[in-house]
Amino acid sequence: MASKKPVVLLEHYLKQLKLPTMLREYPAIAAACAQEGQDHIAFLLRMAERELLDREQRAAERRLKAARFPVVKTLDTFDFTAQPTINTPLVLELARGDYLEARENVLFMGNPGTGKTHLATALGHCACAQGKHVRFFSVTGLVTQLLEAREERLLERLFNRIGKAHLLILDEFGYVPFSKAGSELLFEIVSRAYERQSIVLTTNLPFENWTEILGNERMTGALLDRITHRVHIIEANGESYRLKDAKKHAKHKRRENP
Ligand code: ADP
Ligand code: MG
C-alpha cells in the first residue's frame with residue numbers, strides 16, 4: 001500500500017494545480033517515455049505540451065460558446081464560386097485577423113441570401129480561433145437587449161460586458177427601423193467601439209438609406225463616420241444562394257416526378 005502513496009499525492013497535486021490533462025494522461029505518457037528510453041526532461045516536456053494544447057482548445061471552445069453564433073458557419077463551407085461578386089482575396093485576408101489588431105471594421109453589403117451572415121459568422125469563428133473574444137448580435141436583438149437593460153437600470157453593465165469583446169458582429173442592419181431611444185443606444189455601441197473594438201456589420205441597405213432605419217440624419221452621419229473611418233467593404237450583389245438552392249431542388253423534383 002505504501003507504494004500507492006506517491007500516485008495518490010501526485011494526482012491530488014495535479015488536481016490542485018488544475019492540470020487535468022496531465023492527470024488523465026501521465027500514466028500513458030510515462031509508459032511511452034519509458035518504452036522509448038526518454039529522459040525525465042522529455043517526459044515533462046511531453047506532459048506540458050499536452051496540457052497546453054488541451055488548455056488552448058478548451059479556451060477556444062469557451063470563446064465559441066460565448067460568441068453566441070446562431071449557427072456555426074465557417075469559410076470552408078462557403079462556395080466562393082457561387083458568389084462571384086464577393087472579393088474573395090479580401091475575405092481570406094480578413095480571416096487572418098490583422099484587421100482586429102488595427103481595430104478596423106468590416107461591412108458586408110448586398111442583397112438577401114448572398115452569404116453576408118455566413119461570412120460574418122465565419123470571420124467570427126476565425127477570430128475565436130485566434131484567441132479573440134467575439135460577440136454576435138442580430139442588430140434588432142441587440143437594440144431590444146439595450147432597451148430592456150435601460151428599463152432595468154442595467155445599461156452600464158451591459159455596455160461594459162459588450163465592451164470587453166475584441167469583435168462585435170452586428171447582423172442584419174436595415175430590416176427593422178428603430179425607435180429614437182433604440183437608435184441612440186445603437187449609436188452609443190458604435191461610439192464606444194470606435195478605435196477600441198472591431199465591428200463586422202451586415203446590411204442589405206446602401207448608406208443613403210440608413211437614415212430610414214436610424215430616424216435621425218445627423219446621428220446617421222456620425223455613426224457612418226465612425227464605422228467607415230477604417231473599414232473594409234465587401235459587396236455581395238449576386239443571386240440569392242437560398243433562391244438558387246430552392247430552384248435547383250425544384251428542378252430535381254420536376255425531373256423525378258414529371
Ligand atoms: P445573407 O445574410 O446575405 O442574407 P446568409 O449568409 O444567411 O445570407 O445565407 C443564406 C443561406 O445560404 C445560409 O444558410 C448560408 O450558409 C448559405 N449560403 C449563402 N451563400 C453561400 C455560399 N456562397 N456557399 C455556401 N453557402 C451559402
Ligand atoms: Mg443575413
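Residue indices begin at 1 and follow the sequence shown.
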Assign the ring pair H118 / F78 to parallel, tilted or perpendicular, where the plane angle (0 to 90°) is split at 30° and 60°.
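Because their plane-to-plane angle is over 60°, the rings of H118 and F78 count as perpendicular.
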So, the side chain of [X] versus the backbone of [Y]: is there a donor-acceptor pair under 3.5 Å, distance only?
X: R96; Y: L92; answer: no
X: N111; Y: G238; answer: yes
X: E25; Y: M47; answer: no
X: S138; Y: G141; answer: yes
X: S183; Y: L214; answer: yes
X: K116; Y: G110; answer: yes
X: R103; Y: E101; answer: yes
X: T203; Y: F173; answer: yes

One pair to check against side chain to side chain contact (heavy atoms under 4.5 Å, CB included): N105 and L201. What are the steps and the verdict?
CA-CA 8 Å; N105 300 324; L201 184 137; over 6 Å; no
Between Y194 and H229, do the side chains contain a donor N or O and an acceptor N or O under 3.5 Å apart?
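On atom types as modelled, these side chains qualify, holding a pair under 3.5 Å.
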Going by distance alone, is a donor N or O of one side chain under 3.5 Å from an acceptor N or O of the other, for T117 and D171?
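Present: a donor and an acceptor within the cut-off.
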Is there a side-chain contact between M109 and I233 in this structure, where contact means two heavy atoms from C-beta onward sitting under 4.5 Å apart?
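Yes, at least one pair of side-chain atoms sits under 4.5 Å.
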